[in-house]
Structures are given as structure tokens and as C-alpha cells.
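Beneath this line is the structure, given in C-alpha cells, with notes to follow.
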Amino acid sequence: MRIKSCLLALSLACAVPAFAQPQPSTDPRDSAGCEAEEASLQQDIALARSRGQMLRRRQLADALAALRKHCENLPPIKDRATLIQRQDQEVLQLRAELERAEAYLRKLKAESP
């Protein structure tokens with residue numbers, strides 16, 4: 001019984017950080033999106049640092065550096081049609097991400113004892 005509890009705790013500990021990793025599909029389309037994503041990454045970095053998760057902190061720092069580089073090269077949105085198109089793309093990406101998260105949740109619920 002004790003071994004089963006340890007295995008369950010270990011599997012959950014491994015699954016949660018992998019699920020919580022930043023999604024590489026995140027692609028801010030404008031300066032507001034860049035600022036929001038940067039703030040989120042900085043918050044995650046501080047959390048990882050406070051928990052002693054130095055590898056995760058390093059991965060997040062790398063993601064932050066890549067985001068900053070991407071945002072520097074992001075062309076400004078000059079017309080409404082481009083803004084709408086970019087927002088549509090972002091909504092599609094978020095829906096896909098939500099579907100992945102819901103599928104993972106269904107899988108976890110199905111595996112529950």
C-alpha cells in the first residue's frame with residue numbers, strides 16, 4: 001500500500017511540472033500581448049526560484065529571452081483588419097491549448113482509482 005502511494009505521488013509530481021511548462025505555441029501578436037506574456041514568465045521565474053526549481057527557472061529565463069527577441073522584431077499593427085486577423089489566430093491557438101488541457105484532464109480522471 002505504501003509503495004502504491006509513493007508511486008502515485010511520484011507520478012503526480014512528474015506530471016504537474018510537465019503540464020505547467022510554458023507552451024511554445026504562445027505567440028504574442030502585439031505589444032500588449034508581449035507585455036502580458038513577459039509579466040507571466042517573470043512571475044513563473046520568481047515562483048520557480050522560491051521553490052528551488054533552478055532547472056525550471058533556467059528554462060523560463062530562456063523562454064523569456066526568446067520572447068523578448070520575438071517582440072523586438074514584431075511589426076506594429078497599423079490597420080484594423082490585421083489586428084482582427086491576429087486576434088483570430090490567437091483565439092484559435094488558445095482554443096487548441098484549452099482542448100489539450102481538457103484532454104489531459106479527462107485522461108487523469110479516467111486513470112483515477
Side-chain angles (χ1 to χ4, degrees):
M1 182 67 170
R2 186 159 174 80
I3 292 174
K4 189 175 181 181
S5 299
C6 290
L7 288 175
L8 179 60
L10 180 61
S11 65
L12 287 175
C14 292
V16 172
F19 185 71
Q21 292 294 326
Q23 296 294 324
S25 65
T26 302
D27 183 15
R29 302 293 180 182
D30 59 6
S31 61
C34 285
E35 291 170 9
E37 188 67 24
E38 184 173 340
S40 175
L41 282 171
Q42 288 176 341
Q43 190 175 32
D44 289 346
I45 289 170
L47 182 63
R49 184 179 295 124
S50 72
R51 292 181 176 174
Q53 299 172 334
M54 299 316 289
L55 176 60
R56 176 152 168 73
R57 186 204 59 79
R58 179 66 186 158
Q59 291 169 337
L60 290 166
D62 290 344
L64 180 60
L67 175 73
R68 286 180 175 158
K69 183 176 180 180
H70 168 77
C71 289
E72 287 175 1
N73 299 327
L74 196 62
I77 298 175
K78 297 192 184 215
D79 64 356
R80 186 169 172 78
T82 303
L83 178 61
I84 291 170
Q85 180 184 11
R86 287 184 181 180
Q87 193 63 35
D88 280 340
Q89 290 173 352
E90 184 176 352
V91 168
L92 290 174
Q93 287 177 345
L94 290 171
R95 284 184 180 149
E97 188 176 332
L98 177 61
E99 180 56 38
R100 284 191 298 273
E102 287 175 337
Y104 182 71
L105 178 61
R106 285 189 298 271
K107 178 183 171 191
L108 287 177
K109 287 181 177 180
E111 293 174 355
S112 295

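All values reported here derive from a predicted model rather than from experimental measurement.
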- All side chain to side chain donor-acceptor pair (under 3.5 Å) counterparts of Arg80, not counting sequence neighbours: none

- Query: Just how far is it from atom CD of Gln42 to atom CG of Leu47, taken to the nearest 0.5 Å?
  - Reply: 13.5 Å

- Calculate, to the nearest 0.5 Å, the distance between atoms CG and CZ belonging to Asp44 and Arg49 respectively. 12.0 Å

- Query: Of all heavy-atom pairs between Leu67 and Glu38, which one has the smallest distance, and what is that distance?
  - Reply: CD2-N, 3.5 Å

- Nearest 0.5 Å please: distance from the CD atom of Gln89 over to the CG atom of Leu94. 12.0 Å

- Task: First locate atom CD1 of Ile45, then atom OG of Ser50, and finally report the distance between them rounded to the nearest 0.5 Å.
- Result: 12.0 Å

- Item | Reported CD-to-CD distance for the pair Gln87 and Glu90, which is rounded to 0.5 angstrom | 5.0 Å

- side chain to side chain donor-acceptor pair (under 3.5 Å) with Glu99: which residues, sequence neighbours excluded? Arg106

- In Å, rounded to the nearest 0.5 Å, how long is the span from CZ of Arg57 to CG of Asp62? 9.0 Å

